[in-house]
Amino acid sequence: MRVLITGADGQVGRELVDVFAGHDVVAAGHQDLDVTARDEVLGAITGLRPDAVVHAAAWTAVDACESDPERAWQTNAVAVRHVAEAARRVGAHLTSFSTDYVFDGTKTGPYVEWDAPAPRSVYGASKLGGERELAGDPDATVVRISWVCGQHGSNMVKTILRLAAQPGSLSFVDDQRGRPTFAADAAAAVHRLVVDRRPGLFHVTNQGEVTWYEFARAVLDASGGDPGRVQPIATTELVPPRPAPRPANSVLDTAALRLSDLPELPHYRESLDRLIVQLGAAT
Ligand SMILES: NC(=O)c1ccc[n+]([C@@H]2O[C@H](COP(=O)([O-])OP(=O)(O)OC[C@H]3O[C@@H](n4cnc5c(N)ncnc54)[C@H](OP(=O)(O)O)[C@@H]3O)[C@@H](O)[C@H]2O)c1
């Protein structure tokens, strides 16, 4: 199977390149393929004629999106239109990523794939726009992930470890609840969906829900530190305040995987322990 991966230098993209290694992989980073350029996208995909496209390119700077909505729409919604147009021309299956930030966070309990989205941020709205480009496409899959962590790129596990290396206490919000997604686990799940050409919308996150405060405590615990150093704060206490509002509850239930008899991802603590070892942060 020939697989084109866009955003191949990103946090998820790099794990995808690893997990598809047994296939004929074409890894396109930002400098190789600008997904907002329709001609470039059509040229690349009709030239390569991949069997599958895994579209991991996106503008993920949630706060910066608030001040440049045009760039957010272009990168996170219009680019999906271009990639979908090209994939349809060559009959390639397309998988694209979306986010828990499509929800407003007011639901009590986890969100399933069939809950109505209502994004609160420009980033969330632009990613929902990308989802809608693929709605009803029989050869497209949308994978919503959340709170992504992994070996590559910057993420909260690395941030927490960096802060923990300094003396003093650490403050993390205790009023935003979600599910971590370890990029390697998500990539493995996406591999299964792509090989099966399973269409539709899937939540793909690790098991176990936490607030950022609880997650920071887990990171300290897993790395042999003292979880008691982490203090809970409210989002309103963040200095400086974040421009993009976040949902208070963005726990994603991986219901479509479970109800399709597909394996759900491991509990986050198992994957966190593995990542801590990979990062050389275990004591
Ligand atoms: N990270 C999270 O917590 C999270 C949560 C939910 C959903 N997601 C979604 O998961 C997917 C993968 O995210 P990620 O965590 O891997 O993000 P990432 O590390 O920021 O990777 C995204 C990649 O896309 C590239 N890119 C940006 N604009 C592009 C363009 N116009 N053309 C081609 N490439 C472009 C970026 O390159 P540059 O660095 O050069 O800009 C970067 O390498 C995205 O769809 C994201 O929205 C992520």
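For ligands, and for the atoms within them, numbers begin at 1 and follow the listed sequence. Only a predicted model underlies this, so the values are computations on that prediction, with no experimental measurement involved.
- Using a 4.5 Å heavy-atom cutoff, the side chains of V219 and V230 are not in contact.
- For D174 and T211, the side-chain atoms include at least one donor-acceptor pair closer than 3.5 Å.
- For ligand 1, the polar-atom distance check finds an N/O of Y123 within less than 3.5 Å of one of the ligand's N/O atoms.
- When the heavy-atom distances from atom 45 (O) of ligand 1 to H152, R14, K127 are ranked, the shortest goes to K127.
- The heavy atom nearest to atom 10 (O) of ligand 1, considering only L252, T6, I145, V142, is found in I145.
- Tested against W147, the residues Y101, F182, F215, W212 include a single ring-ring contact (aromatic ring centres under 6.0 Å, His included) partner, W212.
- Of the protein's non-hydrogen atoms, Q11 N, 2.9 Å is the one closest to atom 19 (O) of ligand 1.
- In this structure, the protein non-hydrogen atom closest to atom 11 (C) of ligand 1 is F97 CB, 3.6 Å.
- Closest heavy-atom approach to atom 7 (C) of ligand 1 among the candidates P180, G130, A58, S98: S98.
- Between the side chain of D51 and the backbone N or O of A92 there is no donor-acceptor pair closer than 3.5 Å.
- Atoms of ligand 1 found under 4.0 Å from any heavy atom of D34, numbered from 1 in the order shown, are 30 (C), 31 (N), 32 (N).
- In this structure, the side chain of E133 does not engage the main chain of G130 through any donor-acceptor pair within 3.5 Å.
- Among protein heavy atoms, the minimum distance from atom 33 (C) of ligand 1 is reached at L33 O, 3.1 Å.
- The closest protein non-hydrogen atom to atom 18 (P) of ligand 1 is T60 OG1, 3.9 Å.
- Ranking protein heavy atoms by distance to atom 38 (P) of ligand 1, first place goes to H30 ND1, 3.4 Å.
- With no hydrogens or angles considered, a side-chain donor-acceptor pair links N76 and S126 at under 3.5 Å.
- Among V102, T181, V148, the residue whose heavy atom lies nearest to atom 3 (O) of ligand 1 is V148.
- Listed by chain and number, the residues in a side chain to side chain contact (heavy atoms under 4.5 Å, CB included) with Q207 are R179, T254, E264, H267 (sequence neighbours excluded).
- Remark: the E131 side chain and the S98 side chain contain an N/O donor-acceptor pair separated by less than 3.5 Å.
- The shortest contact between atom 16 (O) of ligand 1 and any protein heavy atom is with V12 N, 2.8 Å.
- Formation of a donor-acceptor pair under 3.5 Å by the R229 side chain with backbone atoms of A164 is found in this model.
- Atom 32 (N) of ligand 1 has V35 N, 3.0 Å as its closest protein atom, hydrogens excluded (heavy atom only).
- Distances below 4.0 Å separate heavy atoms of A57 from the following atoms of ligand 1: 24 (O), 33 (C), 34 (N), 35 (C).
- Of the polar atoms of W59, none of the N or O atoms is found under 3.5 Å from an N or O of ligand 1, judged by distance alone.
- Side-chain N/O atoms of H203 and R144 include a donor and acceptor closer than 3.5 Å.
- Distances from ligand 1 to the non-hydrogen atoms of G153 include no value under 4.0 Å.
- Counting atoms of ligand 1 from 1 in the listed order, those under 4.0 Å from a heavy atom of T99 are 6 (C), 7 (C).
- Checking only distances, A56 never comes within under 3.5 Å of ligand 1, N or O to N or O.
- When each atom of ligand 1 is checked for a heavy atom of T36 under 4.0 Å away, the hits are 31 (N).
- Ring pair F20/H191: centre-to-centre distance below 6.0 Å.
- In this structure, Y268 and D185 have side chains that are not in contact, with every pair of non-hydrogen atoms separated by 4.5 Å or more.
- In this structure, atom 21 (O) of ligand 1 lies nearest to the protein heavy atom G10 CA, 3.3 Å.
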